[in-house]
Amino acid sequence: MTDTLTDRRSDTIAALELLDTRLRWLSSWTVHNANHIRPKRDGLKVGGHQASCASITAIMSALYFHALRPQDKVAVKPHAGPVLHAIHYLLGSQSRDQLERFRGLGGAQSYPSRTKDKIPVDFSTGSVGLGVAATAFTSLTQDYLIAHGALDATDAGRMIALMGDAELDEGNIYECLIEGYKHDLRNCWWVVDYNRQSLDHTTADRMFRRFDDIFETCGWRVLTLKYGKRQREAFDRPGGISLREWIDNCANVDFAVLTYQGGAAWRSRLTADIGAKPHVAKLLASFDDAALADLMTNLGGHCIETLIDAFDSADDERPTLFIAYTIKGFGLPLAGHKDNHSGMMNPPQIAELRASLGIAEGDEWEPFGGLGDNAAADLKAFIGRSALARRAGEPRAPAVPMPARLPVPDGDELSTQSAFGRVLLDLAKSGEPASQALADRIVTTAPDVTQTTNLGGFVNARGLFRRSELGDVFRAAKIPSAQRWSGHAAGQHIELGIAENNFFLMLSSLGLAGPHFGTRLIPVGTVYDPFIARGLDALNYACYQNARFLLVGTPSGLTLAAEGGAHQSINPPLIGIGQPGLTYFEPAFADEVALLMRHAFDHIQADDGGAVYLRLSTRSIAQEPRVDAGWEADAIKGGYWLRRPTGPASAAIVFCGAVVPEVLAAYDILAEDIPGLGVLAVTSPDLLHRGWSARRAARWTGASPVESHVETLLSALAPHAGVVTVLDGSPSALSWIGSVRGMCVSPLGVDRFGQTGDLPDLYATYRLDTDAIVDAAAELFLG
Ligand SMILES: Cc1ncc(C[n+]2csc(CCOP(=O)(O)OP(=O)(O)O)c2C)c(N)n1
Ligand SMILES: [Mg+2]
């Protein structure tokens, strides 16, 4: 290395070491301020994780201010949120006010949040494991965009997760590893803050080197950063090999205890264990207690030089796992203690840390406090030269054009699921420019249920997405099959294995393609409705990030009669109502499906929009002849009168989805006895409920109290009217409607596990059939 290069390298290392210390201080102080200085009104601990932050500051310093390129994106382990805020504080992109309000209303969030934080956050984190896997799926999304010509390959970024070692216990990590291997994952780094402590305790020694094996099996390069530079130098001295062997054999928990106890404890333990070995006594004697503690904790993840060398060495696109050994609470009096996850420095301890850094009392928030003018100016200049400082904000992706209407599939009898498949297929084949433009941006995905959810037609037309060609061997052998499964770079279906967590994380990443990469995708994912529950946290995570996609849960309900209780969904309507960021629709007819899909494609692109969930069914039902399009606007708002009540109507049947034949049969029976009886088709219990809640909330928030759609609909009934509600799912998804105008309700639905049977048997057993509706109505309306 030339002298200039050596100088530049040592300058870089010195600056990164200073930044490591700044980040440790600022993150500690942010948490301290929130807990010990900011006035408290509720007597509760505010929380924050000083030890988790201190564990990763060197890694983040080396990554953010050295290795990171403008196009790279990072998921930061949730409990290092304050470090990310500190980085942006040093960059000038985070305010002191936000830091002072950390964990307070409107302040910096506890865990990095794309939607709530004011700093740029690439991936929200919080539920451990999900943010990590999100980087892999975002890498796949990037590959998809490159293959479709929406991103230049030379602009490909690395998707990087900074993860806690306990995140390696989450099953979704391994589901993701397998899927990643199948899809030839690249441009992905996971950096493990390997402090061998979780929330509760120190982690099992038995896992040593197991992670290497697992990741290498899945095609990853594993770089282990176990020793810092000073340790490696000590190992080269006489007696050093014994010291290294001792470290390698030391149990995690012993290492943690000794770290907490400090230099004298290290000395007596090392002397007892290896002091008699050749040269060891002399080696140990060459360090005073403080230096010995410093040496023993000089692990790879705290050594800037080791970190930048490792990051620099991984300069290709192979996915790479960095196992960076660290100490939880490094540099703090909490270091190594098994209870330090939520532990916090007390005021004297933080004052001591402040003084040790030369920061004057009152200067705690000074970004470069304690450094001296020249050093501060140099460090500022160093930060200014980093790639991070040149990073542009997230792009605003142009909207995808939308045809005015999506054609309604024809047929007298259709299921909503087959209508969905036909609408997509029509789009895939349409020659009309707006439809074609929309179809080109649709990307479909399913966890091994492509065929049984009617995505097959679209896939046949548009192909599987594969970076390298994948022939359809059955087709080549001229074996008849309805599915044409050739894969190529222009394909638009991402086929996943059966792992619903992966499915939702894939949808989440595809649904952030706009803000992440500047090109919107219109992701459409299908899953068996009951198995939404399998990926529920990943779905929640996707919505929390404001990812935009169309989720189709199908088939659903008891209506899937012969499949039995393990496949019949009951509570997804409640999930649909309860999940923020997701609008749930459950159409009954094919024209509703076409209308709502068109609406969904719009809504997932709207600034104030969100993701959409369509709950569909395989039950073929007679279609409703329409006289005009008057029902459409109401259907988009959540419900319309399928049979409008007349006169001072005292009753209505309110239903959702596939039970419409029973509802209309009951209507025919009841209409004579109940004059003016209405039938309300609820297309979205979620929207109706939300509108009603918003209307009520407006009374306290001062917003203008616009009548909600459900109030408007129900105003067609007499004030004392009664309603029977019916849906193939949890009855509570609709029964609340009675409270809107204080009406009596008789709720029908499914509230216990389903079973196998044919439809008449099951509908009778679970009281969804015509008789049940007539009985409920008779009881309510006719006494
Ligand atoms: C899904 C989920 N379960 C539980 C938690 C609660 N929790 C927060 S941190 C943590 C352990 C974190 O340990 P690790 O990943 O090793 O992080 P570090 O040691 O760096 O703090 C747990 C169990 C969570 N955030 N998410
Ligand atoms: Mg840990």
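Order of listing sets the numbers, starting from 1, for every ligand and every atom in it.
- Ring-plane geometry between Y613 and Y584 is classed as parallel, the angle between the planes falling under 30 degrees on a 0 to 90 degree scale with a further cut at 60.
- A ring-centre distance under 6.0 Å is not found for F322 and Y194.
- Residues satisfying the side-chain hydrogen bond (donor to acceptor under 3.5 Å, both in side chains) test with H88, not counting sequence neighbours, are S93.
- Note on E100 versus R38: no salt bridge recorded, every NZ/NE/NH1/NH2 to OD/OE distance being 4.0 Å or above.
- For S52, the side-chain hydrogen bond (donor to acceptor under 3.5 Å, both in side chains) test picks out no residue, with sequence neighbours left out.
- Side-chain atoms of T306 do not come within 3.5 Å of backbone N or O of G300 as any donor-acceptor pair.
- Panel note: side chain R114, backbone D122; a donor-acceptor pair is recorded below 3.5 Å.
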Legend entry - salt bridge (Lys or Arg N to Asp or Glu O under 4.0 Å) assessment of K328 paired with D193: CA-CA 9 Å; K328 195 154 171 169; D193 174 357; over 6 Å; no

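- The number of protein N, O or S atoms lying under 2.8 Å from the Mg ion (ligand 2) is 3.
- Separation of the F531 and H567 ring centroids falls under the 6.0 Å cut-off.
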N/O pairs closer than 3.5 Å, ligand 1 and protein:
unit_1: ligand 1; atom_1: 15 (O); unit_2: A166; atom_2: N; d: 3.3
unit_1: ligand 1; atom_1: 16 (O); unit_2: D165; atom_2: N; d: 3.3
unit_1: ligand 1; atom_1: 16 (O); unit_2: D165; atom_2: OD1; d: 2.6
unit_1: ligand 1; atom_1: 16 (O); unit_2: A166; atom_2: N; d: 2.9
unit_1: ligand 1; atom_1: 16 (O); unit_2: Q197; atom_2: O; d: 2.9
unit_1: ligand 1; atom_1: 19 (O); unit_2: N195; atom_2: OD1; d: 3.2
unit_1: ligand 1; atom_1: 19 (O); unit_2: N195; atom_2: ND2; d: 3.1
unit_1: ligand 1; atom_1: 19 (O); unit_2: Q197; atom_2: O; d: 2.9
unit_1: ligand 1; atom_1: 19 (O); unit_2: K328; atom_2: NZ; d: 2.7
unit_1: ligand 1; atom_1: 20 (O); unit_2: K77; atom_2: NZ; d: 2.5
unit_1: ligand 1; atom_1: 20 (O); unit_2: N195; atom_2: ND2; d: 3.2
unit_1: ligand 1; atom_1: 21 (O); unit_2: S52; atom_2: OG; d: 2.6
unit_1: ligand 1; atom_1: 21 (O); unit_2: K328; atom_2: NZ; d: 2.9
unit_1: ligand 1; atom_1: 25 (N); unit_2: G126; atom_2: O; d: 3.0
unit_1: ligand 1; atom_1: 26 (N); unit_2: V128; atom_2: N; d: 3.2

